[in-house]
Amino acid sequence: MRLNRRTALGLGTVATAGTVLGAAAPASAAEATEAAPTTPARAALRVASVFTKHSTAAGGNWQAYVSVADPAGAPVVAVEADADRRIEAYSVNKIAVATAVLDKVDRGLLTLDQQVEVSAAIVVPGGDGIFSLDGAYPSMVTIGHVLANLLTVSDDTAVRLCGLVAPAAEINSILVAKGFPNTQVQPVANPNRFFLGTSTPRETHDLLRALVAGTLLSPASTTYLLGILRSPVAFTDGIRRTMSSDERARIATKAGWFADARHEAGVIFDRSGAAVLTYALFADGQANPEDFGATHPAVQARAAMGPKLLAAVDRIAGVGKTFRITARRPSNGG
């Protein structure tokens with residue numbers, strides 16, 4: 001078993017959880033024997049065990065922050081591994097970019113049906129997403145269409161289209177005002193373009209917690225953003241890979257991948273639609289950095305974690321507002 005300083009921090013989290021619960025057995029034993037935890041503290045112990053097992057097997061470096069909701073008070077921290085390390089967040093920060101754009105919608109400065117131009121010059125050649133596949137420019141799309149592609153297929157050109165209506169400096173100032181000084185895009189010479197920048201596991205976690213608490217955006221924008229992140233077309237290679245369609249609908253998630261990094265952050269909801277687990281999982285330094293598919297070690301680790309995390313909180317009640325998702329029905333055209 002390969003260990004390093006950062007995965008050791010994950011082991012420390014498991015030990016702390018076991019101490020709080022007074023558990024005589026190791027956390028891994030709890031994962032194997034307890035079918036369905038019924039308290040937030042025990043669920044957190046299970047989550048810690050799952051994270052440690054699969055992140056250690058994948059190797060590399062992991063920076064993470066995961067919590068389980070507790071109706072009696074503050075969330076129970078399950079994993080705290082290098083949680084305040086400021087790192088390149090890559091496409092996970094598209095949630096932050098969307099937050100800034102929707103903040104302007106909430107203030108009446110933009111509308112979702114407002115159109116922006118997709119010019120040949122703004123398309124990222126060979127980038128992830130669909131705009132680079134169009135092959136016919138210019139075209140006009142709405143801001144709503146841009147955000148839907150930004151957060152589902154993680155469209156790279158959608159980042160530049162967001163920059164047309166929310167320049168880098170403005171995005172950063174909005175995020176600072178909302179309490180996220182480490183979650184910042186990286187400006188470039190063109191004020192309307194930027195690299196996706198940095199965050200910390202704790203800040204990404206806290207941004208998601210603020211979103212589901214309704215303190216980040218208006219109710220309409222909150223529902224809109226979570227609806228995209230919970231949609232069937234949202235990221236399915238990681239946490240949601242080995243799940244039914246109903247189970248996937250209980251998870252709002254966004255992944256980010258670049259160079260040797262493979263990140264994912266999101267929220268698991270209980271059966272009523274209340275947030276019950278929030279995760280920010282950042283990983284780099286694993287084998288096969290050229291593999292951007294489902295077989296990368298860190299992506300496989302998150303895929304193995306997903307059903308176990310869902311099971312760990314399946315008998316735990318979430319907190320706050322409920323966000324029900326509209327049932328999606330496949331269409332045969334017509």
Side-chain angles (χ1 to χ4, degrees), residues 2-13 47-48 51-52 54-67 77-100 128 150-151 154 156 159 168 171-172 174-176 178-188 193-211 229 235 237-239 252-267 278-292 296-302 305:
R2 291 180 292 174
L3 291 175
N4 58 32
R5 182 178 63 85
R6 293 175 187 167
T7 51
L9 287 172
L11 289 171
T13 302
V47 169
F51 170 79
T52 299
H54 294 291
S55 63
T56 301
N61 307 311
W62 290 77
Q63 304 89 35
Y65 197 83
V66 185
S67 71
V77 177
V79 178
E80 186 174 3
D82 223 356
D84 296 307
R85 181 180 177 87
R86 187 168 179 171
I87 53 180
E88 295 286 344
Y90 298 121
S91 288
V92 168
N93 260 9
K94 288 176 181 175
I95 300 175
V97 172
T99 294
D128 287 317
L150 179 79
L151 297 172
S154 201
D156 292 333
V159 176
I171 290 172
N172 285 341
I174 289 170
L175 292 170
V176 168
K178 290 181 178 293
F180 305 104
N182 294 306
T183 305
Q184 300 279 280
V185 300
Q186 180 184 338
V188 296
R193 293 192 183 179
F194 48 84
F195 294 113
L196 285 163
T198 62
S199 187
T200 69
R202 190 188 305 273
E203 275 202 4
T204 295
H205 167 279
D206 291 350
L207 187 148
L208 290 166
R209 290 262 313 150
L211 176 65
L229 294 173
F235 187 71
D237 268 352
I239 293 294
T253 200
K254 181 72 190 77
W257 52 91
F258 192 76
D260 69 341
R262 304 292 186 272
H263 307 327
E264 189 170 358
V267 179
T278 307
Y279 58 90
L281 305 171
F282 293 78
D284 61 67
Q286 290 76 29
N288 307 324
E290 74 288 346
D291 179 6
F292 290 94
H296 184 278
V299 180
Q300 287 186 317
R302 298 199 315 269
M305 290 180 198

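Note that the structure is predicted; figures quoted are calculated from it, not measured. These numbers come from the heavy atoms of this one structure, side chains and all, not from hydrogens, waters or symmetry mates.
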Asks: Would the distance check show the side chain of Gln184 and the main-chain N or O of Asn172 forming a donor-acceptor pair, the cut-off being under 3.5 Å?
Replies: yes
Asks: Could you tell me which non-hydrogen atom of Ala78 sits nearest to which non-hydrogen atom of Val47, and how far apart they are?
Replies: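 Residues Ala78 and Val47, closest heavy atoms: CB-CG1, 3.7 Å.
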Asks: Kindly indicate whether the side chain of Asp128, heavy atoms from C-beta on, has any atom under 4.5 Å from the side chain of Trp257.
Replies: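 The answer is yes, as the side chains (C-beta and beyond) meet within the 4.5 Å cut-off.
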Asks: Could you measure the distance from the CG atom of Asp156 to the OG atom of Ser91? Nearest 0.5 Å is fine.
Replies: 6.0 Å
Asks: Give, for atom CZ of Arg302 and atom NE2 of His296, the distance between the pair rounded to the nearest 0.5 Å.
Replies: 9.0 Å
Asks: Any heavy-atom pair between the side chains of Ile239 and Tyr279 that's under 4.5 Å?
Replies: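 Answer yes - side chains close enough.
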Asks: In the structure I gave you, are the side-chain heavy atoms of Phe195 and Val185 within less than 4.5 Å of one another anywhere?
Replies: no
Asks: In Å, rounded to the nearest 0.5 Å, how long is the span from CG of Leu175 to CG of Asn93?
Replies: 8.0 Å
Asks: Roughly how far, to the nearest 0.5 Å, is CD1 of Ile95 from CG of Leu211?
Replies: 8.0 Å
Asks: Does the side chain of Tyr65 reach to within under 4.5 Å of the side chain of Asp84, using non-hydrogen atoms?
Replies: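 Counting from C-beta outward, Tyr65 and Asp84 never come under 4.5 Å.
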Asks: Atom OG1 of Thr253 and atom CG of Leu208: how far apart are they, to the nearest 0.5 Å?
Replies: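 If we round to the nearest 0.5 Å, Thr253:OG1 and Leu208:CG are 9.0 Å apart.
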Asks: Between Arg209 and Thr278, do the side chains contain an N or O donor and an N or O acceptor separated by less than 3.5 Å?
Replies: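 Not at all, the side chains of Arg209 and Thr278 share no donor-acceptor pair under 3.5 Å.
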Asks: Can you tell if the side chain of Thr56 reaches within under 4.5 Å of the side chain of Phe51, non-hydrogen atoms only?
Replies: no
Asks: Side chains of Asn288 and Pro297, heavy atoms from C-beta outward: is any pair under 4.5 Å?
Replies: yes
Asks: Should the pair Arg262 and Phe292 be classed as cation-pi, given the thresholds of under 6.0 Å to the six-membered ring centre and 45° from the axis?
Replies: yes
Asks: Looking at Asp260 and Gly285, would you say the former's side chain and the latter's main chain have a donor-acceptor pair under 3.5 Å?
Replies: yes
Asks: Taking C-beta and beyond as the side chain, do Leu150 and Val159 meet within less than 4.5 Å on heavy atoms?
Replies: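 Of all side-chain heavy-atom pairs linking Val159 with Leu150, at least one is under 4.5 Å.
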Asks: Please give me the minimum heavy-atom distance between Ser55 and Thr52, naming the atom from each residue.
Replies: OG-O, 3.5 Å
Asks: Return yes if some donor-acceptor pair links the side-chain N/O of Glu264 with the main-chain N/O of Ala280 below 3.5 Å, else return no.
Replies: no
Asks: For the residue pair Asp82 / Trp62, report whether a side-chain donor-acceptor contact shorter than 3.5 Å exists.
Replies: no
Asks: Please determine whether side-chain contact (heavy atoms from CB on, under 4.5 Å) holds for the pair His205 and Val66, giving the CA-CA distance in whole Å, both sets of side-chain angles, and the decisive distance to 0.1 Å.
Replies: CA-CA 7 Å; His205 167 279; Val66 185; 6.0 Å; no
Asks: Where does the angle between the aromatic ring planes of His263 and Tyr90 fall among parallel (under 30°), tilted (30 to 60°) and perpendicular (over 60°)?
Replies: parallel
Asks: Is there a side-chain contact (heavy atoms from CB on, under 4.5 Å) between Leu281 and Met305 once you walk through the steps?
Replies: CA-CA 11 Å; Leu281 305 171; Met305 290 180 198; 4.1 Å; yes
Asks: Distance check, rounded to the nearest 0.5 Å: Phe258 atom CZ versus Glu88 atom CD?
Replies: 9.0 Å
Asks: Heavy atoms, side chains only, cut-off 4.5 Å: are Asn182 and Thr198 in contact?
Replies: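 Sidechains of Thr198 and Asn182: no contact.
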Asks: Do the side chain of Thr204 and the main chain of Val92 share a donor and acceptor less than 3.5 angstrom apart?
Replies: no
Asks: Would you name the heavy atoms of Ile174 and Ala100 that are closest together and state the gap between them?
Replies: CD1-O, 3.7 Å
Asks: Which heavy atom of Ala83 sits nearest to which heavy atom of Thr200, and what is that distance?
Replies: O-CB, 3.5 Å
Asks: Give a yes-or-no answer on whether the side chains of Thr183 and Glu203 include a donor-acceptor pair shorter than 3.5 Å.
Replies: yes
Asks: Verify the distance criterion only: is there a donor paired with an acceptor across the side chains of Lys94 and Ser154 at less than 3.5 Å?
Replies: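 Per modelled atom types, Lys94 and Ser154 side chains form a pair under 3.5 Å.
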